[in-house]
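First the proteins, then the strands, lettered A, B, ... as listed; each starts at 1. No hydrogens, no waters, no symmetry mates; every other heavy atom, side chains included, goes into these values. Given the structure is predicted, the values throughout are model-derived calculations rather than measurements.
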Protein chains: 2
Amino acid sequence: MNETFKALSDANRRQILRLLRQGDLTAGEIAEHFSMSKPSLSHHLNILKQAHLVLRERKGQHVLYSLNTTVLQEVMSWFLELTDEYNRDEGALK
Amino acid sequence: MNETFKALSDANRRQILRLLRQGDLTAGEIAEHFSMSKPSLSHHLNILKQAHLVLRERKGQHVLYSLNTTVLQEVMSWFLELTDEYNRDEGALK
DNA sequence: TAGATAATTAGAATATCATCTAAATAAATG
DNA sequence: CATTTATTTAGATGATATTCTAATTATCTA
């Protein structure tokens, strides 16, 4: 859970997730939306990957990234635990 | 939104929020749950305060902290935008 | 008002993070 | 097989973040 929140704590990475919401994109396509260098972008994609927030698949010369909504929903559960006063489940998500 | 996620990206701060979920606590009571120094704890509380994730109220000699569920629900909305494929609202939350 | 208790602020040390350029790897194509 | 294109890895640098101790502020009480 820590890795996930760390990954989400950067505005560029959240922007990447928003882009991917509209459909899968290659690393290069994602880079077009940012002014930072490609290595920097790659670094951010790697952090999102390690946090399992995105999925990566090589397509020939390109690398295609997509959202992993499963993990996003786990994070939502974390928030629900925190906000839903009727939830008496003592949370496993740290 | 950035400040909020930054605040959530630290495990100690998320633990503070979980503690507060069960009821309001003074700074000292919160500190009892951690091994770090009180100034460090105070620093974390300050970050949560600036992110509007907690509310602070002086009670005589003590300072009482409580969850601000309003902001937590805003963060939840951010996730919903990202995960709910039928939500066609182009998000204001960055 | 002096002393005790609760909490925060100041300032410094250390660790982590974001970003860059240069170099390396992987795949496609002439 | 040499070259081009797409992407990542390596290594360095500057900026942020976390944590500590010491000092300060605020409040309560004898």
Side-chain angles (χ1 to χ4, degrees), chain A residues 1-20 22-68 71 75 94, chain B residues 1-20 22-68 71 75 94:
Chain A
M1 191 65 20
N2 199 39
E3 213 170 16
T4 315
F5 274 106
K6 271 269 162 47
L8 286 168
S9 74
D10 179 273
N12 291 313
R13 292 194 286 265
R14 291 197 303 278
Q15 175 65 17
I16 292 170
L17 296 179
R18 273 200 302 281
L19 289 172
L20 290 177
Q22 284 141 239
D24 302 356
L25 293 170
T26 67
E29 288 170 334
I30 295 170
E32 285 169 20
H33 291 81
F34 294 88
S35 51
M36 81 182 76
S37 71
K38 282 184 178 187
S40 298
L41 213 289
S42 186
H43 161 76
H44 287 301
L45 288 170
N46 201 43
I47 286 170
L48 290 170
K49 180 70 176 65
Q50 281 177 246
H52 306 105
L53 285 163
V54 300
L55 305 171
R56 172 159 45 194
E57 187 189 357
R58 182 168 271 283
K59 285 280 186 184
Q61 209 172 359
H62 301 265
V63 175
L64 196 65
Y65 285 88
S66 59
L67 266 191
N68 181 2
V71 171
V75 184
K94 294 286 169 61
Chain B
M1 193 65 19
N2 199 39
E3 213 170 16
T4 314
F5 275 106
K6 272 269 162 49
L8 286 167
S9 75
D10 179 272
N12 291 314
R13 292 194 286 266
R14 291 197 303 280
Q15 175 65 16
I16 293 170
L17 296 179
R18 273 200 302 280
L19 289 172
L20 290 177
Q22 285 141 241
D24 303 357
L25 292 171
T26 67
E29 287 170 336
I30 295 170
E32 285 169 21
H33 291 81
F34 294 87
S35 52
M36 81 182 76
S37 71
K38 283 185 178 187
S40 298
L41 213 288
S42 187
H43 162 75
H44 287 301
L45 288 170
N46 200 44
I47 286 171
L48 290 170
K49 180 69 176 66
Q50 282 178 245
H52 306 107
L53 285 164
V54 300
L55 305 171
R56 172 158 46 191
E57 186 189 359
R58 183 168 270 282
K59 286 281 186 184
Q61 210 172 359
H62 301 265
V63 175
L64 196 66
Y65 284 88
S66 58
L67 267 191
N68 183 1
V71 171
V75 185
K94 296 281 169 63

Worksheet entry | B/Asn2 and A/Arg14, any side-chain heavy atoms less than 4.5 Å apart |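 A/Arg14 reaches B/Asn2 side chain to side chain.
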
Worksheet entry | A/Asn12 or A/Arg58, whichever maps to the more 5' nucleotide of DNA chain C |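 Mapping each residue to its closest nucleotide by heavy atoms, the 5'-most match is A/Asn12.
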
Item to complete: Check each residue of residues 42-50 of chain B for a non-hydrogen atom within less than 4.0 Å of any atom in DNA chain C, then write out the ones that pass by number, or none.
Response: B/Ser42

Worksheet, complete the sentence: Across all chains, not counting sequence neighbours, the side chain to side chain donor-acceptor pair (under 3.5 Å) partners of A/Ser66 are none

Worksheet item: Got a sec, which pairs hit salt bridge (charged side-chain N to carboxylate O under 4.0 Å, His left out) with one end in residues 45-64 of chain B, sequence neighbours left out?
Response: B/Glu57-B/Lys59

Worksheet entry | Spacing of B/Lys38 atom NZ and B/Leu45 atom CG [to the nearest 0.5 Å] |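 These two atoms lie 11.5 Å from each other.
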
Practice prompt. Drop me the distance from B/Lys6's NZ to B/Thr4's OG1, to the nearest 0.5 angstrom.
Written response: 11.5 Å

Worksheet item: Under a criterion of less than 4.0 angstrom to any heavy atom of chain B, what are the 5'-terminal and 3'-terminal contacting nucleotides of DNA chain C?
Response: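 Under 4.0 Å from chain B, the extent on DNA chain C is C/dT5 to C/dT9.
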
Worksheet item: Closest heavy-atom contact between A/Ala7 and A/Leu53?
Response: CB-CD1, 3.8 Å

Practice prompt. Work out which heavy atom in A/Phe5 is nearest to a heavy atom in B/Ser9; give both atom names and the distance.
Written response: O-CB, 3.8 Å

Could I get the full list of side chain to side chain contact (heavy atoms under 4.5 Å, CB included) partners for [X], not counting sequence neighbours?
{"X": "A/Glu3", "value": "A/Gln50"}
{"X": "A/His52", "value": "A/Asn68, A/Val71"}
{"X": "A/Ser42", "value": "none"}
{"X": "B/His44", "value": "B/Asp10, B/Asn12, B/Arg13, B/Ile16, B/Met36"}

Practice prompt. Check each of B/Leu25, B/Asp24, B/Leu67 against B/Leu19 using the side-chain contact (heavy atoms from CB on, under 4.5 Å) test, and report the only one that passes.
Written response: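 Going through B/Leu25, B/Asp24, B/Leu67 one by one, the side-chain contact (heavy atoms from CB on, under 4.5 Å) with B/Leu19 is satisfied by B/Leu25 alone.
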
Worksheet item: Which sits closer to the 5' end of DNA chain D, A/Glu29 or B/Asp10, going by the nucleotide each is nearest to?
Response: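 The answer here is A/Glu29.
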
Worksheet item: Along DNA chain D, 5' to 3', what are the outermost nucleotides having an atom less than 4.0 Å from a heavy atom of chain B?
Response: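 Footprint of chain B along DNA chain D, 5' to 3': D/dA17 to D/dC28.
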
Discussion item. Among residues 60-67 of chain A, which ones have heavy-atom contacts with DNA chain D below 4.0 Å?
Written reply: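 Hits under 4.0 Å, by residue number: A/Gln61, A/His62, A/Val63, A/Tyr65.
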
